[in-house]
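Below you'll find the structure, written out as structure tokens, and then a few comments.
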There are 4 protein chains.
Amino acid sequence: MSPRRRDTEATPPREGRRAELLATAAEVFAAQGYAATTIRQVADAAGILGGSLYYHFDSKEAMADEILSTFLGDMWAAYDRVLGAGLGARETLEAIVAESFRCIDRHRPAVVLYQNESKHLATGERFRYLLDSHRRFEEMWTSLLERGVAEGVFRADLDVGLVYRFVRDTVWVAANWYRPGGRLSADDIAKQYLAMVLEGIQRGSG
Amino acid sequence: MSPRRRDTEATPPREGRRAELLATAAEVFAAQGYAATTIRQVADAAGILGGSLYYHFDSKEAMADEILSTFLGDMWAAYDRVLGAGLGARETLEAIVAESFRCIDRHRPAVVLYQNESKHLATGERFRYLLDSHRRFEEMWTSLLERGVAEGVFRADLDVGLVYRFVRDTVWVAANWYRPGGRLSADDIAKQYLAMVLEGIQRGSG
Amino acid sequence: MSPRRRDTEATPPREGRRAELLATAAEVFAAQGYAATTIRQVADAAGILGGSLYYHFDSKEAMADEILSTFLGDMWAAYDRVLGAGLGARETLEAIVAESFRCIDRHRPAVVLYQNESKHLATGERFRYLLDSHRRFEEMWTSLLERGVAEGVFRADLDVGLVYRFVRDTVWVAANWYRPGGRLSADDIAKQYLAMVLEGIQRGSG
Amino acid sequence: MSPRRRDTEATPPREGRRAELLATAAEVFAAQGYAATTIRQVADAAGILGGSLYYHFDSKEAMADEILSTFLGDMWAAYDRVLGAGLGARETLEAIVAESFRCIDRHRPAVVLYQNESKHLATGERFRYLLDSHRRFEEMWTSLLERGVAEGVFRADLDVGLVYRFVRDTVWVAANWYRPGGRLSADDIAKQYLAMVLEGIQRGSG
DNA sequence: AATGAATGAGGCTTCATTCAT
DNA sequence: CATGAATGAAGCCTCATTCAT
């Protein structure tokens, strides 16, 4: 399973090749869709031949797996830091949204992949964790929103299930157009999104 | 051998067979993704054999084409009615959002297909109109938002490009979970979405 | 098997429809090749739908069969008249060549079909007669040429097998470019071909 | 599982695999007709599986393309050598015919393919060069024959267009029955064909 | 690590053919 | 006679995967 067998070679990039290839794969998967992407396209983008990828990975699925689980691990670690900080509902929501945009910044192709393909991939046993993550997500948001309503900081006249979907989709969908290094930083975008989500786009009456 | 066995209607609907099959295809494409769907799965869902689909359609792509162009035609017809009604920016936005949710109601699978696959499909000549539609979309929203800012009904402190993406995505993404005939009607959802988009989810300070 | 069942209809072309369709089929087969021609192309050319051809013919093969056997029957009838006339070798050759060109005139598409596809079709039981015809052909020509050599009218320094192939091919291949009603009639062409075959294209030394 | 079992040459010819496969394909195409040949038949004849051919070639059409263009390239190179040698009309014709038979000897299946399928294949853009070659052919022969008539070595009483077709067909059709290594060599056959074409099969009166 | 050549399953599509109407 | 709708086998091609070198 481990790709290394020699110790004294001159070939420079030893460790990190795997991550490099995964980044390439994620980019191509995100650009074309997982099912529509061939292993050869990934290999072309990496400058090697199709078969050579199998030295590094067991299968196409394994690549998607590693891409997604890395992203989700990173994301939940960030979320857990926020959730453990004992903030109020509103501050928590702000922090979660901000972390989400930072995640998009770090894992953009993975996020796109997650959005477009997780429903489809999740049917396999190997991707069970996608469903788990999905459920944790829903619980987190629902309880956060309910807490906010209870604390009086969020409107009580809206359907919580609807708001959950609204906020969830709104944040992640940005991965489809966000490009790191653009005019607006991830934090800029987070700030504006939060303004919209919290206060709306309508000019305040005050 | 015969795909039906009921006697009370030995002759299938006759007219509209094409539309029937397209509806089935759209459903399957939306559920599994266009690339991940096999022609046999569509045929199975329609109760015929794979090859039989080619009596009605030239290719898998032709099905997607017809599904998408029908949806977009219907959508733009509705949008054009709204845009030609001479409403204010805020009322126009409300009407456009409402029409969008009605479109989701009528064409849910097509909308899902459009969202998930249009980026990928649009590379082919045949789907040129997807790009055109995309551009009209962007123009419509951008000018509408700018008009609203000018009229003083929308906030001026937000990036218009960002708001455009926010509103656009927010509306269409709902197609991924909306099910006609559910607890909330399309108009109910539109109303709540509008409330969120216009006023935010935060409890007003007034 | 017989296509007629009614006696009192008004539809004009009763008998002869079959021949009409066969002529159309032969034309298309000749133009595109038997294997490369679809039943639908034949039907299109005849102005009906694919399935409708099966009212008249049992199968695609049956059409080729009828086209080829009709042509060969006609051809051998003509040849037999010549061969039974008790002519000298040279006159017989002239008459056979002339009849061949008349056959091309009457059955051009069938001749093309015969030339291009008989080798391939002859593998089936149903087309056994193609092989038989081929053999009769070879025997006829070989004995005619040998007779001519014996009679002193044909050169003795040439390989008879080679001459046989030369004459045979030379004549039939003309079907590929001949068009009835062109500048030269079938008899004109026959005359010139005979001049070439008998005397050569070189200017005589006399 | 492995398609070879011999041990003395575990590594196949390596270089020239492509040419090997093309030769096999040409053989099968010539024997059965291009349209009637399945890719599996070609693969079977080559001792590999159907899909494996696509490692070497893009499509069935690409194989035909390469077979035909290789043959035509070789042929025109030979013709151009002859045409550039400054020979008289009669000697040029002799040399062209001789080269043609040598071409048949080297490329027999390609010649058969060219004869039987070029008309049909030439409808596609990719095979445009077949039409070009056809035109060059006609020009070459026509001007050669006219030159011969002007020089007084060819008969003036024959239709040049007819003679062109006669000579052209006469030569190439031999590919259908010629087998390298048979009783007569390509040069023997060329000599006899030339005798027939130039002097005819009739016994000279002198 | 990577290449070159294959495998083999399965996908899209075509097409001869059938049949109720 | 003809249509419309299907069947089902087979064809071309793709692609994830394997493996000797």
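Each chain gets a letter, A, B and so on, in the order its sequence line appears, and its residues count up from 1.
When distances are taken from the side chain of C/Leu49 to each of F/dT3, E/dA1, E/dT14, the shortest belongs to F/dT3. The side chain of B/Lys60 lies closest to E/dT13, out of E/dT13, F/dC1, E/dA2. When each of F/dT14, F/dT17, F/dA6 is scored by its nearest atom to the side-chain atoms of D/Tyr54, the top-ranked nucleotide is F/dT14. Set against E/dT18, E/dA6, F/dT3, the side chain of D/His56 has E/dA6 as its closest nucleotide.
Nearer to the 5' terminus of DNA chain F, by closest-nucleotide assignment, is the contact made by B/Leu53 (compared with the other of D/Ala35 and B/Leu53). A residue-by-residue look at D/Thr37 and A/Ala36 shows that D/Thr37 has its nearest nucleotide of DNA chain F further toward the 5' end. Of the residues near DNA chain E, A/Gly51 and B/Ile39, the one whose nearest nucleotide (by heavy atom distance) lies more toward the 5' end is A/Gly51. Along DNA chain E, the nucleotide nearest to D/Gly50 and the one nearest to B/Phe57 differ in position, and the one closer to the 5' end is contacted by D/Gly50.
For F/dA6, the OP1/OP2 oxygens have a side-chain nitrogen or oxygen of B/Arg17 closer than 4.0 Å. One finds no side-chain N or O of B/Tyr55 lying less than 4.0 angstrom from the OP1 or OP2 phosphate oxygen of F/dA6. Contact annotation: C/Ser52 side-chain N/O to F/dC1 OP1/OP2 distance is not under 4.0 Å.
A/Ile48 comes within 4.0 angstrom of sugar-phosphate atoms only, judged by non-hydrogen atoms across all strands, and of no base. Within 4.0 Å of C/Thr38, counting heavy atoms only, lie sugar-phosphate atoms of the nucleic acid but no base atom.
The aromatic rings of B/Tyr114 and B/Phe71 sit perpendicular, their planes meeting at an angle over 60°, well past the 30° parallel limit.
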